[in-house]
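Here's the structure, in structure tokens; my notes come after.
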Amino acid sequence: MADTYWPWRVELNRLECEFVFFVSHVMEDNDEVLWFANALEDRFRFLGIPIKACFLDVQDWEHGNPPKDLIRRKLAASHFFLGWISPNYLKAAKRGWVWFELAYAELIELSRQPSVDIKFPFILPVLRNVSVRQIGRTPWLAYVQREIERSRRGEKIEDFVERLVSKLVAYYSQEINKWEKSR
């Protein structure tokens with residue numbers, strides 16, 4: 001595929017990232033997302049990974065900052081963008097912030113790539129109690145092939161999070177190794 005010039009770019013330094021994952025979610029999923037973030041943070045600490053696992057607005061929001069500025073800054077300070085796609089997310093998406101986050105995440109992803117071939121995916125969907133069919137009319141459909149994990153019907157959050165955390169730790173290690181080799 002031919003190289004493409006992207007007229008808009010976000011300049012980032014992966015060596016200065018504060019977070020591994022910027023977690024895009026809606027407040028209706030706060031309890032599950034906090035459960036997940038705490039489990040991932042515990043695993044990172046156990047493995048000696050010296051970076052904060054997740055940016056979550058419910059715990060890392062810097063009050064007094066314009067929301068768009070803070071979102072852009074924290075997305076740019078993250079290695080990856082994780083979308084916690086749930087029925088609540090799809091219902092509440094009309095509020096718009098999740099789409100702003102996804103659009104800026106796409107700009108970051110394209111800025112990090114030398115061409116249209118995405119070698120280091122930045123945007124990762126997690127499907128929690130939703131099917132591909134349910135996201136069919138959303139921008140997330142374009143990213144479904146990257147899905148990290150999908151919950152099983154009626155699955156408890158504890159079981160889902162255990163699998164998800166293992167996969168995300170492996171993904172982080174794999175992608176950071178690829179990135180370091182390409183430098």
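All values below come from the heavy atoms of this structure, side chains included, with hydrogens, waters and symmetry mates left out.
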Please report the interatomic distance [atom1]([X]) to [atom2]([Y]), rounded to the nearest 0.5 Å.
X	Y	atom1	atom2	result
Trp140	Ile123	CH2	CD1	6.5 Å
Lys74	Asp69	NZ	CG	12.5 Å
Arg73	Lys68	CZ	NZ	15.0 Å
Leu168	Glu149	CG	CD	9.0 Å
Ile108	Phe80	CD1	CZ	12.5 Å
Leu82	Ile148	CG	CD1	7.5 Å

Kindly indicate, with the supporting measurements, whether the criterion side chain to side chain contact (heavy atoms under 4.5 Å, CB included) is fulfilled by Gln134 and Leu127. CA-CA 10 Å; Gln134 288 172 288; Leu127 303 182; over 6 Å; no
Heavy-atom check, side chain of [X] versus side chain of [Y], under 4.5 Å:
X	Y	value
His25	Arg128	no
Phe122	Glu175	no
Phe36	Val23	yes
Tyr172	Ile51	yes
Glu101	Phe81	yes

Write down the atom of [X], the atom of [Y], and the distance for their closest heavy-atom approach.
X	Y	answer
Ala92	Val26	CB-CG1, 3.8 Å
Ile135	Leu141	O-CB, 3.8 Å
Leu56	Ala37	CD1-CB, 3.3 Å
Pro139	Leu102	CB-CD2, 3.7 Å

What I want to find out is whether Arg146 reaches Glu109 closely enough, with some N-O distance under 4.0 Å, to be called a salt bridge. yes
Side-chain donor-acceptor pair under 3.5 Å between Ser151 and Asn129, yes or no? yes
Glu147: what forms a side chain to side chain donor-acceptor pair (under 3.5 Å) with it, not counting sequence neighbours? Arg150
So among Tyr89, Phe160, Phe21, Phe22, which one has a ring-ring contact (aromatic ring centres under 6.0 Å, His included) with Trp84?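 So the option named by the test is Phe160.
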With a 6.0 Å cut-off (strictly less than), is the heavy-atom count around CH2 of Trp35, excluding the residue itself, greater than 12? no
Verify, without hydrogens or angle tests, whether Glu162 (side chain) and Asp159 (backbone) share a donor-acceptor contact under 3.5 angstrom. no
Walk me through it: do Ile71 and Trp97 pass the test side chain to side chain contact (heavy atoms under 4.5 Å, CB included)? CA-CA 9 Å; Ile71 289 167; Trp97 288 112; 3.6 Å; yes
From CA spacing to verdict: side chain to side chain contact (heavy atoms under 4.5 Å, CB included), Glu18, Phe55: CA-CA 9 Å; Glu18 295 176 59; Phe55 169 82; over 6 Å; no
